[in-house]
Amino acid sequence: MGLAEDILHMTVRIETQRLDGATSTGTGFYFNFCVQDETCIPVIVTNKHVIENANSMTIFLSVLNDDGTIAERKERLEVNGMLGRWVMHPDPDVDLCVLPIAQIVDGFADAGKLLAITPLDVSLVADAEKTSALSAIEDITMVGYPNGLWDEANNLPIVRKGITATPVGFDYCGKKEFLIDSACYPGSSGSLVLLFNEGTYRERNGIVLGTRLLLLGILYAVPIRNVEGVITVTDIPRVYSPGMLNLGLVIKAERLLEFEPILNSALLANQSVTMAG
């Protein structure tokens, strides 16, 4: 597959049944931590609020045929007994968590099913050095499941485009975050925010020929505004309803690196796997 096709298999759809009986959807994505030689610790990354108060959870996975193509069927992974395995970001104010999946990957392999996983890793994280080459305004690609929408038949996410609304190299309002200008809806939480260019792209020093892929961050929230409307057929004089600003708050990808000391501990030593290829 080409890089664009690979991007479609970086994410997973997460469906949760909450303690209050409500259901919700969110986005997760594959990431390899602690890459050493031929081993790594594979995880699924999402926002803390996606899994909070979940009574049960289903993650939808794609598998490969024997010839390496994507199978038409998808696998439902019920993580009810693994809810306690999610590792929270060490900073309680950072809305990120990860689920180590080495045992899950091995379990599917033992059953003769090879998961179609396209993980990101530390080499693709937009750190300070990489962001120094970026323009103050960049095109972005967001991958996830807005409003729960997806290609159910092919287990594929929805891809959206936008721009950086604040420079990635700056900490928006003093936090390691930035804003994007893109249509963001519930279900998009946990979506990848990528810098993805094919053919040519622009850097501070001019135009570059080639392909570029960087993980800029993870969407976690949207600012909204209250729209006041006058009701003429009721005793209530006005109503406020949320209005979308088509802006998204994004946690910088560099905050993922703060998981590595935790995942590299002896407690998760058996969560590493040998990388394919």
Side-chain angles (χ1 to χ4, degrees), residues 1-14 25-36 38-47 50 58-77 79 96-109 113-126 130 140-146 150-161 188-198 210-219 253 256-257 259-260 263 271-277:
M1 296 187 297
L3 185 54
E5 288 74 20
D6 285 341
I7 288 173
L8 296 179
H9 296 283
M10 290 178 177
T11 64
V12 292
R13 176 185 171 91
I14 301 174
T25 60
T27 302
F29 64 91
Y30 298 111
F31 196 91
N32 285 344
F33 282 102
C34 307
V35 178
Q36 297 179 2
E38 295 300 317
T39 64
C40 65
I41 297 176
V43 305
I44 291 174
V45 181
T46 192
N47 296 133
V50 169
T58 303
I59 297 176
F60 294 85
L61 307 170
S62 294
V63 295
L64 296 175
N65 294 314
D66 292 339
D67 61 0
T69 58
I70 306 295
E72 291 185 1
R73 71 183 186 281
K74 57 180 176 289
E75 298 290 334
R76 296 169 59 98
L77 174 64
V79 296
L96 291 175
C97 60
V98 301
L99 176 68
I101 59 170
Q103 294 176 356
I104 296 170
V105 173
D106 289 342
F108 275 96
K113 300 174 182 177
L114 187 61
L115 295 180
I117 293 176
T118 304
L120 294 150
D121 60 39
V122 174
S123 68
L124 296 172
V125 168
K130 293 185 177 72
I140 60 96
T141 299
M142 185 169 65
V143 190
Y145 306 88
W150 62 322
D151 178 356
E152 182 176 1
N154 297 295
N155 192 27
L156 293 177
I158 305 301
V159 179
R160 315 201 74 162
K161 296 288 288 184
S188 297
S189 294
S191 291
L192 291 167
V193 178
L194 301 169
L195 195 66
F196 172 52
N197 309 108
E198 286 185 302
T211 299
R212 177 173 63 170
L213 179 67
L214 284 177
L215 174 60
L216 298 180
I218 304 96
L219 181 76
L256 287 172
L257 307 182
F259 281 105
E260 287 225 313
L263 296 175
Q271 288 288 345
S272 63
V273 298
T274 300
M275 294 185 292

Could you state the interatomic distance from [atom1] ([X]) to [atom2] ([Y]), rounded to the nearest 0.5 Å?
{"X": "Leu214", "Y": "Thr141", "atom1": "CG", "atom2": "OG1", "result": "11.5 Å"}
{"X": "Ile41", "Y": "Phe259", "atom1": "CD1", "atom2": "CZ", "result": "12.5 Å"}
{"X": "Ile14", "Y": "Phe29", "atom1": "CD1", "atom2": "CZ", "result": "10.0 Å"}
{"X": "Asp121", "Y": "Leu215", "atom1": "CG", "atom2": "CG", "result": "10.0 Å"}
{"X": "Asp66", "Y": "Leu114", "atom1": "CG", "atom2": "CG", "result": "9.5 Å"}
{"X": "Thr118", "Y": "Leu115", "atom1": "OG1", "atom2": "CG", "result": "11.0 Å"}

Is there a side-chain contact between [X] and [Y] (heavy atoms, below 4.5 Å)?
{"X": "Thr211", "Y": "Leu213", "answer": "no"}
{"X": "Leu192", "Y": "Met10", "answer": "yes"}
{"X": "His9", "Y": "Ile117", "answer": "no"}

Next item on the list: Go through the steps for Ile59 and Arg13 under the test side chain to side chain contact (heavy atoms under 4.5 Å, CB included), then give the verdict.
Entry: CA-CA 6 Å; Ile59 297 176; Arg13 176 185 171 91; over 6 Å; no

Provide the closest heavy-atom pair for [X] versus [Y] in the form atom of the first, atom of the second, distance.
{"X": "Gly28", "Y": "Ile44", "answer": "CA-CG2, 4.1 Å"}
{"X": "Ala253", "Y": "Ile218", "answer": "CA-CD1, 4.3 Å"}
{"X": "Asn47", "Y": "Gly190", "answer": "OD1-N, 2.7 Å"}
{"X": "Pro157", "Y": "Gly144", "answer": "CB-O, 3.4 Å"}
{"X": "Ala71", "Y": "Asn65", "answer": "CB-OD1, 3.3 Å"}
{"X": "Val98", "Y": "Val45", "answer": "CG1-CG2, 3.8 Å"}

Margin query: Parallel, tilted or perpendicular, judged at 30° and 60°: which one describes the rings of Phe31 and Phe33?
Written below: tilted

Margin query: Counting only heavy atoms from other residues, nucleotides and ligands, does the tally under 6.0 Å from CD of Glu72 exceed 12?
Written below: no

Next item on the list: Output all residues satisfying side-chain hydrogen bond (donor to acceptor under 3.5 Å, both in side chains) with Ser62, sequence neighbours left out; order by chain, then residue number.
Entry: Asn155

Check: Taking only residues two or more places apart in sequence or in another chain, which ones pass side-chain hydrogen bond (donor to acceptor under 3.5 Å, both in side chains) with Thr11?
Finding: Tyr145

Check: Does Lys113 use its side chain to pair, donor to acceptor, with the backbone of Leu64 at less than 3.5 Å?
Finding: no

